[in-house]
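Let me begin by presenting the structure, written as structure tokens, before commenting on it.
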Amino acid sequence: ITPETIERYSFGYAPDEWHALADALSPGISGIRILLENGLLIENDSHTGQYDRFRNRIMIPIRGKTGRIIAFGGRVLDDSKPKYLNSPESPLFSKSRELFGLYDALRKESRPEFILIVEGYMDVIALAQYGVTNAVASLGTATTPEQLRLIFGATDHLVCCYDGDAPGRKAAWHTLMTALPILNGSRRISFLFLPPEDDPDSFVRAHGKEGFLGYLHEHEMGLTDFIFDHERRGLGNAREDQITLLSRVIDCAVRMQQDSPWAREIRETFRPGGRFPGFEESYINALYDKRLRESKAPEPPPEPDEPDAPLSCINRLIATALACPGGICEIPDLPSTMQVFARMIRNPAAMLLLDVIRVAQRNGGRDSAASLLREFEGSPCILWLRRLARRQDIDREAAIDRKQAKDEFNKDLNDILRQELGQLIDELRRKIAAGTGSDGDLRELQDYVRMRNRIDDGSVSGSGRQ
């Protein structure tokens with residue numbers, strides 16, 4: 001870091017002492033209260049005194065939209081943990097509503113051609129030092145709608161620049177899902193994944209501004225390409241996999257503003273000669289319209305709190321997955337089973353179950369119930385999940401019998417799938433018998449019958465007929 005960068009970002013230092021801040025400021029009672037409120041001091045366990053939150057750290061001010069310092073980030077100078085520490089939420093600082101570097105970027109150029117969002121504030125600082133002055137970073141949180149509105153208030157083009165590893169791609173996908181509902185005709189989002197061994201800091205140091213911008217222009221990925229790249233991972237070319245891919249892409253498209261060019265771009269992939277050559281356009285459009293109607297359905301209220309009120313089958317599945325994510329992830333063929341489930345059932349409770357399973361699988365089933373719930377903080381469904389956790393008493397981390405959890409999950413899941421498939425099969429058979437079914441309907445019927453046979457044979461979710 002150069003002296004110019006240190007001055008530009010007003011770097012400071014917190015000494016390796018417990019009371020350096022109070023000794024330097026000599027605050028009275030009201031001053032101590034303000035320092036506690038803003039997270040610079042911490043009350044000790046016995047409530048008899050306070051100590052400094054930041055010790056032996058390089059201190060980097062976090063500025064709000066007007067340039068006022070509203071918080072701090074601190075980086076250790078040794079091997080202490082955590083490596084980075086930010087101020088907690090305070091009356092001045094709400095991390096979900098702020099972006100590190102935005103004030104500096106807009107001071108340099110009030111309406112940049114694009115804004116880069118990166119994962120850490122040291123990435124922002126390194127990029128600026130090498131001349132890339134339009135980068136910002138979220139502050140220890142996944143990108144929020146409020147942060148995206150700040151960005152799109154300053155530019156029409158957001159470039160998500162993340163590491164090319166699994167966490168980087170996860171962060172990019174979360175940002176896309178958050179952005180889809182607010183992308184209109186003038187706003188666009190694209191993605192840049194750096195080589196696995198690099199982050200923006202190391203890449204710009206090695207290649208300079210021109211090398212970084214050249215890599216961006218050569219490897220930038222548009223919205224539609226990123227959706228297909230992400231959603232086809234783990235899928236092959238079999239028809240069942242292509243149905244799953246189609247379903248996932250449609251789920252993304254219905255989140256968009258339907259009059260936006262990005263929704264139209266996705267729908268172009270459904271046309272003859274597009275990315276789904278094995279499907280009739282009429283079949284795809286009918287499925288799209290059905291999903292669009294379902295996406296506008298109101299979210300059902302959470303289940304009642306009364307201990308004797310029975311949970312619905314899907315809510316039992318969610319509660320079991322929350323209680324024992326490790327056991328659920330051990331179920332044979334669970335990913336393929338959940339693909340079947342995603343095609344069959346589209347109500348909000350079903351979508352929430354899929355999200356819980358995806359998070360548990362992504363973390364290898366290693367989550368506790370409490371850490372799994374933390375993944376959904378800030379989501380509209382968090383109250384629903386907490387209520388289910390309380391109903392099952394799983395917020396107390398009670399011991400869960402893994403085999404029992406797997407058996408209960410299998411039974412409930414297969415019962416739902418068998419019931420839903422029966423209804424779909426009966427509906428399609430009536431349609432074909434009446435002479436109004438298409439070739440696509442016949443293929444869909446055959447697919448559903450095969451799925452039901454797999455459930456009855458015990459080859460779905462590791463369990464046979466109950």
R430/D426 ion pair, N-O < 4.0 Å: no
Test item: Y215 and L192 side chains (from C-beta on) under 4.5 Å apart, heavy atoms: yes
Side chain proximity check, E240 to D447, heavy atoms < 4.5 angstrom: no
Check: G185 main-chain N/O paired with S260 side-chain donor or acceptor under 3.5 Å: no
Between E408 and Q404, a side-chain donor and acceptor under 3.5 Å: yes
Whether D241 side chain and G236 backbone form a donor-acceptor pair below 3.5 Å: yes
Ion pair R187/D156, N-O distance below 4.0 Å: no
Partners passing side-chain contact (heavy atoms from CB on, under 4.5 Å) against A128 (at least two apart in sequence or in another chain): R8, Y9
Residues in salt bridge (charged side-chain N to carboxylate O under 4.0 Å, His left out) contact with D198, at least two apart in sequence or another chain: none
Validation row: V356, V359 side chains within 4.5 angstrom (heavy atoms): no
Residues K95 and E89 bridged, charged N to O under 4.0 Å: no
Set of side chain to side chain donor-acceptor pair (under 3.5 Å) partners for D229, sequence neighbours left out: R169, R233
side-chain contact (heavy atoms from CB on, under 4.5 Å) partners for K81, two or more places apart: none
Side-chain heavy atoms of F228 within contact of T269, under 4.5 Å: yes
By salt bridge (charged side-chain N to carboxylate O under 4.0 Å, His left out) - contacts of D199 (at least two apart): none
With sequence neighbours excluded, residues passing salt bridge (charged side-chain N to carboxylate O under 4.0 Å, His left out) with R107: D104
Contacts of type ring-ring contact (aromatic ring centres under 6.0 Å, His included), residue F193, not counting sequence neighbours: F226
Distance-only donor-acceptor check, side chains T143 and T175, under 3.5 Å: yes
Aromatic plane relationship, F279 with Y283 - under 30° parallel, 30 to 60° tilted, over 60° perpendicular: parallel
Side chain to side chain, I182 and P145, heavy atoms closer than 4.5 Å: no
Ion pair E281/R271, N-O distance below 4.0 Å: yes
Salt bridge (charged side-chain N to carboxylate O under 4.0 Å, His left out) between K411 and D407, intermediate numbers included: CA-CA 6 Å; K411 181 182 184 306; D407 289 346; over 6 Å; no
Lys/Arg-Asp/Glu bridge criterion (N-O < 4.0 Å) met for D259, R264: no
L106 side chain reached by R111 side chain, heavy atoms, under 4.5 Å: no
Residues R255 and D251 bridged, charged N to O under 4.0 Å: no
Worked check of side-chain contact (heavy atoms from CB on, under 4.5 Å) between M256 and L223: CA-CA 12 Å; M256 302 177 185; L223 178 151; 3.6 Å; yes
With R97 via side-chain contact (heavy atoms from CB on, under 4.5 Å) - residues at least two apart: S94, E146
Qualifying ring-ring contact (aromatic ring centres under 6.0 Å, His included) pairs, either residue in residues 119-147, two or more places apart: Y84-Y121, F100-Y121
Side chain to side chain donor-acceptor pair (under 3.5 Å) involving Y288 - partner list, sequence neighbours excluded: Q258
Partners passing side-chain contact (heavy atoms from CB on, under 4.5 Å) against S110 (at least two apart in sequence or in another chain): none
Set of residues satisfying salt bridge (charged side-chain N to carboxylate O under 4.0 Å, His left out) with respect to R63, sequence neighbours excluded: none
